[in-house]
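Below, read A as the first sequence line, B as the second, and so on, with proteins coming before strands; counting in each chain starts at 1. All values reported here derive from a predicted model rather than from experimental measurement.
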Amino acid sequence: MLLRLSNKLLNISIASLCRSKQLEKAEAAIIDGIRLGVLPDVVTYNTLIIGYCRLVNFDAGYSVIHRMKEAGIAPDVVTYNSLMAGATRQRSLPGCFDMLEEMLEMGIFPDIWSYNTLMNCLFKYGKPGEAYRVFHDIILTDMSPSQATISIMINGLCRNGYIRRALSLFRNLQQHGYVPELVTYNILINGLCKSKKWEDTMNLFEELKESGQAPNAITYTTVMKCCFRCKHLEEGLEIFKEMKSKGYAHDLFSYCTVVAALLKSGCIRDANNCIAHMVKIGYDLDIVSYNTLINLYCKLGDLENAYNLFNVAEGKGLECDTYTHTILIDGLCKSGNIDAAQRHLNYMKEMGFNCLVAYNCFIDGLCKVGRFNYALRVFHSMDVRDSFTYSSLIHNLCKERRYRLAAELLLSCIKSGMKILKSDRRAVVKGLLVTCSKTDVNNFKLQMRTAKILYY
DNA sequence: GTAGGGTTAG
């Protein structure tokens, strides 16, 4: 049977090409279509906009609008919703508002998807209060919230640190007859996991199963990750087993989670076996998988192969990210190759990556080879520091019995509003007790208490 | 057309 090429068919093939990251082929398909007498319609252009926003950036997506206008096709609500989503992906709240405004100017009425996307953007932009107002507006107007509205709301609350509110919203809605779908369970489980609420996570996981819905690979990976985060390695591995027994093809997500946990727990051999299995299956490894692999070689102290893999990843056209570089710099530091670490760090900085974690590793590395003065100079040169930066120094200074300097840093850490490991706090106080007078120690403790009240 | 999982350091 001969299939007549129609708009629908053309659009389906363009969507599929965009999904498989083949924008050029999608463009070529449009030209072929025109040659065969099939003109692109609004759906064709909307699909292309989504593709450009996802694979290039918002501007590339927006430029498609001009082509639409030239072709005499009017943008619709989907066009602008897609552009709002594109702006959101690039974390551009102004871009998202611009699209909403332009849409209204064109006389196109926003729908529930527009408001959902706006809400999502406000949350991603760190404006939970305004997102909440949009949610209220949705409830107050005639628009009925969709399942996605609830999911975006709960996800936004979780990601902005309001896990309790997210949970109580979830429960309140349930009392009013709302039946959450799997995605919402996954979102909430992920939120609980990030807040290290292991028992709540496991309870919700059970509740989901009891609700009659089957957890999917995302649920399993999230629950597993929660176990690892909360130091329940064995329980996490049990979940992995259950996942496999339920017939879920264990994908790159689950493998990377398991391997990272094994590496962190020092089970290098198991991690190695797990990775060998992953490679054997023949997945098309992405950059996160390469990072996990590179990390394994670093932990083995095999920097040569770590760098080989780094080159393989780049050769495949994968974009190495902050994680890749940080893992390598840490690997170099841990193997005592400070000069190479310094060179890689300089390169990373020149390339414009976020170097905070890499600097923290570098400072730790410098301390470990006894170059404290240089470590302190690097510390002072940093624009942004976090609690790891402080604790790397404090921890190593205590080991060197330089307690006064450690105490000074500890105080300035607390004054910057950052929490530090209890063990490091204790090490400083314990050290001061041995080396300083009781009055000095009490004075220091008082300063710490005051600082905590004032700055936490 | 919007929402969910994986990788780094003390």
Side-chain angles (χ1 to χ4, degrees), chain A residues 15 43 46-47 49-50 53 76-86 88-89 111-121 123-124 146-156 158-159 181-191 193-194 215-226 228 250-261 263-264 286-296 298-299 321-331 333-334 354-365 367 386-396 420-421 423-424:
Chain A
V43 180
N46 287 347
T47 312
I49 287 177
I50 296 158
C53 282
D76 63 5
V77 64
V78 178
T79 315
Y80 280 101
N81 286 351
S82 308
L83 285 165
M84 284 173 76
T88 302
R89 206 162 279 123
D111 62 7
I112 186 70
W113 297 67
S114 324
Y115 287 105
N116 286 351
T117 310
L118 178 64
M119 226 172 74
N120 189 32
C121 192
F123 272 126
K124 285 211 167 143
S146 62
Q147 278 277 3
T149 315
I150 314 279
S151 291
I152 291 171
M153 187 67 202
I154 290 180
N155 190 34
C158 288
R159 288 188 189 252
E181 54 180 14
L182 181 61
V183 177
T184 319
Y185 270 106
N186 287 350
I187 287 170
L188 200 52
I189 287 176
N190 188 38
C193 162
K194 293 242 158 74
N216 63 8
I218 296 180
T219 326
Y220 278 110
T221 312
T222 314
V223 173
M224 195 165 74
K225 169 90 189 161
C226 182
F228 295 145
H250 24 182
D251 53 14
L252 289 174
F253 281 82
S254 55
Y255 269 109
C256 291
T257 313
V258 172
V259 171
L263 286 178
K264 212 162 232 165
D286 61 4
I287 191 60
V288 177
S289 317
Y290 272 102
N291 290 345
T292 311
L293 266 164
I294 292 171
N295 193 24
L296 169 72
C298 285
K299 292 282 187 293
D321 58 9
T322 304
Y323 283 82
T324 326
H325 297 296
T326 307
I327 288 166
L328 284 167
I329 289 168
D330 187 49
C333 288
K334 295 264 187 330
N354 177 351
C355 300
L356 176 62
V357 180
Y359 267 109
N360 292 346
C361 299
F362 189 54
I363 286 181
D364 184 64
C367 292
D386 67 2
S387 70
F388 279 79
T389 325
Y390 282 93
S391 68
S392 297
L393 267 173
I394 293 169
H395 181 82
N396 286 302
I420 200 159
L421 286 180
S423 55
D424 286 332

Each nucleotide in nucleotides 3-10 of chain B should get exactly one letter: B, S or -. Can you fill that in based on protein heavy atoms under 4.0 Å? BBBBBBBB
A/K334: which residues meet the salt bridge (Lys or Arg N to Asp or Glu O under 4.0 Å) condition with it, sequence neighbours left out?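 Applying salt bridge (Lys or Arg N to Asp or Glu O under 4.0 Å) to A/K334 gives A/D330.
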Please enumerate all residues that pass salt bridge (Lys or Arg N to Asp or Glu O under 4.0 Å) together with A/D251, with sequence neighbours excluded. none
Qualifying residues under side chain to side chain donor-acceptor pair (under 3.5 Å), relative to A/T79, sequence neighbours excluded: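 A/T79: side chain to side chain donor-acceptor pair (under 3.5 Å) contacts with A/N46, A/D76.
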Sorted by chain and number, sequence neighbours left out, side-chain contact (heavy atoms from CB on, under 4.5 Å) with A/S82 holds for A/I49, A/I50, A/V78
Who are the side-chain contact (heavy atoms from CB on, under 4.5 Å) partners of A/S391, not counting sequence neighbours? A/I420, A/D424
